[in-house]
Trainee: 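There's a structure below that I have some questions on.
Just so it is clear, the structure is predicted and the values come from calculations on it, not from any experiment.
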Amino acid sequence: MAAEKTDKPSPVEKFKVSSDYLAGEIAQELVDENAFFGKGSVQLLKHHGTYQQDDRDRRAIARAEGTGKAYMFMVRSAIPGGKLTSAQMLEQIQLCDDLGNNTLRITSRQGLQLHGIVKDDLAATIQRINVSQLTTLGACGDVNRNLMCCPAPYRNNAVHDEMQALGDKIAAHLKPRTTAYHEIWLKDGDEKTLVGGGSEGHEIEPLYGKEYLPRKFKIGIALPEDNCIDLYTHDVGLMALTLDGKITGYNVLVGGGFGVTPSAKKTFPAVGKKLCRVTPDQALDVVTAIVKVQRDFGNRSDRKVARLKYLIANWGIPKFKEKVEEYYGSGLEDPADVDATGINDHMGWEEQGDGKWFYGLNVENGRIKDEGDFRLKAALQEICSTLKPELRLTAHQSILFCDLEESDKGKLEQTLRDHGVPLSEEISNARRWSMACVAWPTCGLSITESERALPGMIDQLEAELDKLGLADELFNIRMTGCPNGCARPYNPDIGLVGKAKDKYTMFLGGSQRGERLNFIYKDMVPSADVVPELVKVFEYFKRDKSNGESFGDFCFRKGKDDLLSTIDAATA
Ligand code: SRM
Ligand code: SF4
């Protein structure tokens, strides 16, 4: 599936190449009278961290009124390891109130997204994010995306700080260097060097060149005993190997990725495979070599099969490794025989190892909002302006308040309670381990509801699990509004993927550890039947699980045929 050099480049390739390093017509179109950008700019804008969208809830009304689409923009900040200050969070919240749709969203890659920005406010939004010393550059587009890293601020040894430091180094190294970002969005006098790009000239795109990468590229760093960032779903996953509290090296996993087009048989989800083992000193250069191999050999004619996972499926690991070694300049050690053994969502109180504390707050589907008695946005504003903790965003769309004193604990909990925000400890396992992508009304690709549908299903599931005496069971459930997989639904215990209007494909048999794909249990399940269908499987699980077996491991052991035939027989 690797493209032949003679294959015609895809239209997006042409837009990139002719854009003078991502400038294109964006600056001119930004000030025209339209509420939207043209086709080429829409593609280029992604590299600047913004997507043109329209309010899909309003489409029918707009059609009836003859007013056309209600255009608006999603603006994504890339935040390596999800590490940000209280002041930066306060500015994003202020932005969502001033210019967005009054909500802010923590993403499944430890980033932040604003929705509902109109074109006239786009530049001001990006400027304000930059002034707060975050950036949207490279948050989307055919470049390295937000780098994920275990966010837990453990300080009993240097392991977590070292992983984050490596992540910061890789993220900075792989940032686009184009000056177009600064020229288009930032005002004179803004701190231009703080945001990743340089100001030396366009020839300084030494890694990406004018074509950038064939497709998005994702990198994550985690530990085998705590795969909280879902390492196997990344183009490149670095699994830290430790001895006596020190990082001795990293196992490099390659070729994970979840986007699928069910009608195109050539597409598939994949979990990363072990490539090699590197020392901490080698990690940056080996990752860079992998990026360069994908840059030079990834498919540039068919974007459906342009991710690294297709190059690896086409070549196989030995050939891919050989090429990486050639680009790196020497041989690479075989990987260690280590796999993920566990996961920690880092919710609740934990001592950091330096006498201070962090608190993990579960944020349902990452949406920070004030709605009725639930006032998370106001609670965050108070916490960030009084306690001023350092913050970390998790890969589960949640938030850690870090570096707190023992004496801050009461104040933090009271602030959350005063604003109607349930503490993580009060949330059921089913809800705490659930995750949904954005989908309607902003995502242009969504087929079904996701973020707005999952909470209601969890309400039902909680009641059913209580009845079955399974409320304490630990399993993860993830929903997406289409098969692109933004909430990573192809490796958890339960995956629900929007397939047709109000219908989902049900996947079972993954695990919280994330190391294997789940399988399709039933297709085209109407939303109203999702929980009843799950309950039947939970009933079987209750009857037949072996000691300590998790729901996902049980489904995996039984397999699809057994699950279907046994459950059909029991309900006939
Ligand atoms: Fe995603 C596209 C939202 C994580 C795979 N994703 C989109 C777009 C931009 C829709 C579009 O192209 O028009 C969605 C914007 C919705 C909106 O209204 O905000 C969108 N993706 C998200 C977020 C916000 C989901 C969330 O609920 O948190 C996540 C942002 C992460 C970030 O901060 O960078 C998000 N997307 C993911 C993940 C999970 C991950 O990276 O850990 C995946 C699966 C892993 C992977 O990349 O393989 C993912 N998104 C996709 C794909 C399929 C890619 C593919 O290889 O085929 C698309 C569509 C595409 O690229 O063509 C997509
Ligand atoms: Fe949109 Fe599909 Fe991603 Fe959900 S999975 S945010 S519906 S692209």
Side-chain angles (χ1 to χ4, degrees), residues 108 343 345 347 362-367 371 374 396-398 422-440 448-481 485-499 502-512 514 518-545 549-556 558 560 563-564 566-568 570-571:
S108 57
I343 176 169
D345 66 350
M347 294 295 99
N362 184 271
V363 179
E364 191 164 23
N365 301 323
R367 187 66 72 176
E371 196 174 78
F374 176 81
H396 224 254
Q397 304 165 328
S398 288
L423 301 183
S424 302
E425 298 83 345
E426 297 160 355
I427 296 172
S428 71
N429 279 340
R431 195 176 303 276
R432 171 167 159 177
W433 287 91
S434 72
M435 173 155 87
C437 74
V438 183
W440 287 79
T448 60
E449 293 284 355
S450 184
E451 180 187 336
R452 298 194 298 198
L454 189 60
M457 288 188 193
I458 299 286
D459 289 344
Q460 294 171 44
L461 193 59
E462 281 173 342
E464 296 294 339
L465 290 172
D466 257 348
K467 279 191 234 158
L468 286 170
L470 293 176
D472 290 338
E473 213 51 51
L474 264 184
F475 60 92
N476 54 354
I477 177 165
R478 297 179 183 166
M479 175 184 274
T480 58
C486 298
R488 300 185 294 272
Y490 303 119
N491 64 347
D493 300 77
I494 302 167
L496 300 169
V497 175
K499 178 73 178 293
D502 203 36
K503 292 196 169 68
Y504 296 84
T505 310
M506 281 177 68
F507 291 80
L508 297 177
S511 82
Q512 287 190 316
N518 46 24
F519 55 81
I520 294 181
Y521 171 64
K522 284 195 173 178
D523 203 8
M524 299 293 275
V525 180
S527 62
D529 295 347
V530 167
V531 174
E533 288 291 351
L534 282 176
V535 169
K536 289 182 213 165
V537 190
F538 273 109
E539 283 166 347
Y540 182 24
F541 168 68
K542 187 178 173 181
R543 284 199 305 277
D544 226 40
K545 68 172 169 159
E549 190 174 36
S550 72
F551 182 69
D553 287 348
F554 169 82
C555 294
F556 181 69
K558 294 289 183 185
K560 175 180 175 170
L563 290 179
L564 283 173
T566 311
I567 289 165
D568 278 354
T571 50

Trainee: Please list, chain by chain and in numerical order, all residues satisfying ring-ring contact (aromatic ring centres under 6.0 Å, His included) with Tyr490, sequence neighbours excluded.
Mentor: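 Tyr490 satisfies ring-ring contact (aromatic ring centres under 6.0 Å, His included) with Phe258, Phe507 only.
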Trainee: Quick one: does any side-chain atom of Glu539 pair with a main-chain N or O of Leu468 as donor and acceptor, under 3.5 Å?
Mentor: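 No, the answer is negative, given that no donor and acceptor are paired below the 3.5 Å cut-off.
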Trainee: State, with a plain yes or no, whether a side-chain heavy atom of Asp544 is found less than 4.5 Å away from one of Lys558.
Mentor: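 Yes, close enough: below the 4.5 Å cut-off.
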Trainee: Give the intermediate values and the outcome of side-chain hydrogen bond (donor to acceptor under 3.5 Å, both in side chains) for residues Arg478 and Asn491.
Mentor: CA-CA 9 Å; Arg478 297 179 183 166; Asn491 64 347; 3.3 Å; yes
Trainee: Considering residues at least two apart in sequence or located in another chain, which fulfil the side-chain hydrogen bond (donor to acceptor under 3.5 Å, both in side chains) criterion with Asp523?
Mentor: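 Partners of Asp523 by the side-chain hydrogen bond (donor to acceptor under 3.5 Å, both in side chains) criterion, ordered by chain and then number, come out as Lys499, Thr505.
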Trainee: Can you find a pair of side-chain heavy atoms, one from Leu470 and one from Phe475, that are under 4.5 Å apart?
Mentor: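 They are not in side-chain contact.
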Trainee: Between Ile477 and Ala430, what is the shortest heavy-atom contact and its length?
Mentor: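 That would be CG2-O, 3.9 Å.
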Trainee: Ser527 side chain to Lys503 main-chain N or O, any donor-acceptor pair under 3.5 Å?
Mentor: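 No, Ser527 side chain to Lys503 backbone: no donor-acceptor pair under 3.5 Å.
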Trainee: With sequence neighbours left out, what residues match Glu533 under side-chain hydrogen bond (donor to acceptor under 3.5 Å, both in side chains)?
Mentor: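 By the side-chain hydrogen bond (donor to acceptor under 3.5 Å, both in side chains) rule, Glu533 matches Lys522.
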Trainee: One pair to check against salt bridge (Lys or Arg N to Asp or Glu O under 4.0 Å): Glu473 and Lys545. What are the steps and the verdict?
Mentor: CA-CA 12 Å; Glu473 213 51 51; Lys545 68 172 169 159; 3.4 Å; yes
Trainee: Return the minimal non-hydrogen interatomic distance between Cys486 and Ser108, and the atom names on each side.
Mentor: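 Smallest interatomic distance, heavy atoms only, reads O-OG, 2.8 Å.
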Trainee: For Pro492, does its backbone N or O pair with a side-chain atom of Asn518 as donor and acceptor, under 3.5 Å?
Mentor: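 Yes; judged by distance alone, with no hydrogens or angles, the pair exists.
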Trainee: Check whether any side-chain heavy atom of Val363 lies under 4.5 Å from a side-chain heavy atom of Gln397, and answer yes or no.
Mentor: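 Not in contact.
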Trainee: Write out all pairs satisfying salt bridge (Lys or Arg N to Asp or Glu O under 4.0 Å) with one or both partners inside residues 488-498, taking only residues at least two apart or from two chains.
Mentor: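 Non-adjacent pairs meeting salt bridge (Lys or Arg N to Asp or Glu O under 4.0 Å): Asp230-Arg488.
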Trainee: Would you check, one step at a time, whether the test side-chain contact (heavy atoms from CB on, under 4.5 Å) holds for Ser550 with Leu474?
Mentor: CA-CA 7 Å; Ser550 72; Leu474 264 184; over 6 Å; no
Trainee: So, does Thr480 use its side chain to make a donor-acceptor pair with the main chain of Cys437 at under 3.5 Å?
Mentor: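 Pair absent, no side-chain N/O of Thr480 close to backbone of Cys437.
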Trainee: Are Leu461 and Met457 close enough, and set up right, to give a side-chain contact (heavy atoms from CB on, under 4.5 Å), and what steps lead you there?
Mentor: CA-CA 6 Å; Leu461 193 59; Met457 288 188 193; over 6 Å; no
Trainee: To the nearest 0.5 Å, how far apart are CZ in Phe554 and NZ in Lys542?
Mentor: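 It is 13.0 Å, given to the nearest 0.5 Å.
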Trainee: Under the 3.5 angstrom rule, does the side chain of Ser450 hit a backbone N or O of Met479 as a donor-acceptor pair?
Mentor: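 Flag set: sc Ser450 to bb Met479 pair under 3.5 Å.
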Trainee: Between Ser434 and His396, which heavy-atom pair has the shortest distance, and what is it?
Mentor: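 The answer is O-CE1, 3.5 Å.
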Trainee: Taking only Lys NZ, Arg NE, NH1 and NH2, and the carboxylate oxygens of Asp or Glu, determine whether Lys467 and Glu464 approach each other closer than 4.0 Å.
Mentor: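 Yes, this pair counts.
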Trainee: Taking atom CG of Asp472 as the centre, does the number of heavy atoms from other residues, nucleotides or ligands within less than 6.0 Å exceed 12?
Mentor: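 Atom CG in Asp472 is not crowded, with 12 or fewer foreign heavy atoms closer than 6.0 Å.
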Trainee: How would you list, by chain and number, every residue that makes a salt bridge (charged side-chain N to carboxylate O under 4.0 Å, His left out) with Glu425, sequence neighbours excluded?
Mentor: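 Here no residue qualifies.
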Trainee: Checking Phe551 now: which residues fulfil ring-ring contact (aromatic ring centres under 6.0 Å, His included) with it, not counting sequence neighbours?
Mentor: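 With sequence neighbours excluded, Phe551 shows a ring-ring contact (aromatic ring centres under 6.0 Å, His included) to Phe538, Phe541, given in chain and number order.
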